[in-house]
Amino acid sequence: MQWPRGGDEVKVLAVMGSPRIGGNTDALVTEILRGADLSGAETERIDLIRYDVSPCTGCQDCRASGFCVIKDDAPALIDLMLESDIWVIGTPVYWWGPSGLLKAFVDRWYSTIHLPSIKKRMAKRVALACVYGDADPDTPRYVLGMFEEIVSYLGGSLTDRLLVRASSFGAARQNPDVMLQALELGRRLGAGRQ
Ligand SMILES: Cc1cc2nc3c(=O)[nH]c(=O)nc-3n(C[C@H](O)[C@H](O)[C@H](O)COP(=O)(O)O)c2cc1C
């Protein structure tokens, strides 16, 4: 995968971790990217369900080489992440954590942290978009905490969070306040504003 335009615009990349295309995470990510696009950014998205991303086997070969030995889509998707400026990470809460799809992909980022020349390119501005079904607004706390730790470890900063309660298919899209928050977040990201 490559950035098609490859120009000087801010490159905003979304990693969409819900298996439900058209669901709530998808709706947030789509609106965030639309806002970023309106601000002049170049946007791209990875809908993880469309790709072949195997779990990390823990072989540790990447510690010496900096590259993953598994032959699937993850290395090309990670390249796209390395070449972007801002990440939008989208996930539903599954059992207080991120979706398994997203966790499997995040585990594969392990291959990027051993060579300083690669690791420094994983330091990004990151926005987290997370949906959950429970009434407790603190439900996404572990997902938030996990990404705060990961992004900080990679040398970046998690600057924005959009945590939305939505359960049934289409619920987020039908909430105009939520869609406006997503659009505005995307506009800020695309314009490089906090
Ligand atoms: C396997 C699974 C586990 C879930 N676990 C939780 C949970 O722990 N807490 C919660 O609030 N919602 C949980 N949910 C509800 C989803 O977070 C919610 O339906 C969300 O809107 C789904 O997002 P999506 O439309 O992008 O797939 C779970 C849903 C599934 C399918």
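Order of listing sets the numbers, starting from 1, for every ligand and every atom in it. Keep in mind that the numbers below use all heavy atoms, side chains included, and drop hydrogens, waters and symmetry copies.
Trp87 places no side-chain N or O within 3.5 Å of a backbone atom of Val15 that could act as its donor or acceptor partner.
For atom 11 (O) of ligand 1, the nearest protein heavy atom (residue, atom name, distance) is Asp134 N, 2.8 Å. In this structure, the protein non-hydrogen atom closest to atom 27 (O) of ligand 1 is Ser18 OG, 2.7 Å. The single protein non-hydrogen atom nearest to atom 21 (O) of ligand 1 is Ala166 O, 2.5 Å, given as residue, atom name and distance.
Under 4.0 Å is where a charged nitrogen must lie from a carboxylate oxygen, and between Asp47 and Arg50 at least one such pair does.
For Tyr142, the OH atom is loosely surrounded, since the number of other residues' heavy atoms within 6.0 Å does not exceed 12. Within 6.0 Å of atom OH in Tyr51, more than 12 heavy atoms from other residues, nucleotides or ligands are found, so the atom counts as buried in its surroundings.
Here atom 19 (O) of ligand 1 lies nearest to Ser167 when heavy atoms of Ala135, Pro137, Gly100, Ser167 are compared. The residue among Tyr94, Trp95, Tyr132, Tyr142 with a heavy atom at the shortest distance from atom 2 (C) of ligand 1 is Tyr94. For atom 25 (O) of ligand 1, the nearest non-hydrogen atom from the set Thr25, Thr91, Asn24, Val164 comes from Asn24.
A heavy-atom distance below 4.5 Å is found between the side chains of Cys68 and Arg108.
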Next item on the list: May I have the step-by-step check of side chain to side chain donor-acceptor pair (under 3.5 Å) for Thr30 and Arg173, ending in yes or no?
Entry: CA-CA 10 Å; Thr30 300; Arg173 196 180 301 281; 5.3 Å; no

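Residue-ligand proximity, Thr139 to ligand 1, at heavy-atom distances under 4.0 Å covers atoms 9 (N), 10 (C), 11 (O). Every atom of ligand 1 with a heavy atom of Gly133 under 4.0 Å away is listed here by number and element: 10 (C), 11 (O), 12 (N), 17 (O). In summary, the atoms of ligand 1 found under 4.0 Å from a heavy atom of Gly23, numbered by their order in the structure, are 25 (O).
Both the backbone and the side chain of Val93 come within 4.0 Å of ligand 1, counting heavy atoms alone.
Seen from the ring of Tyr94, Lys103 does not count as a face-on cation partner, given the 6.0 Å and 45° thresholds.
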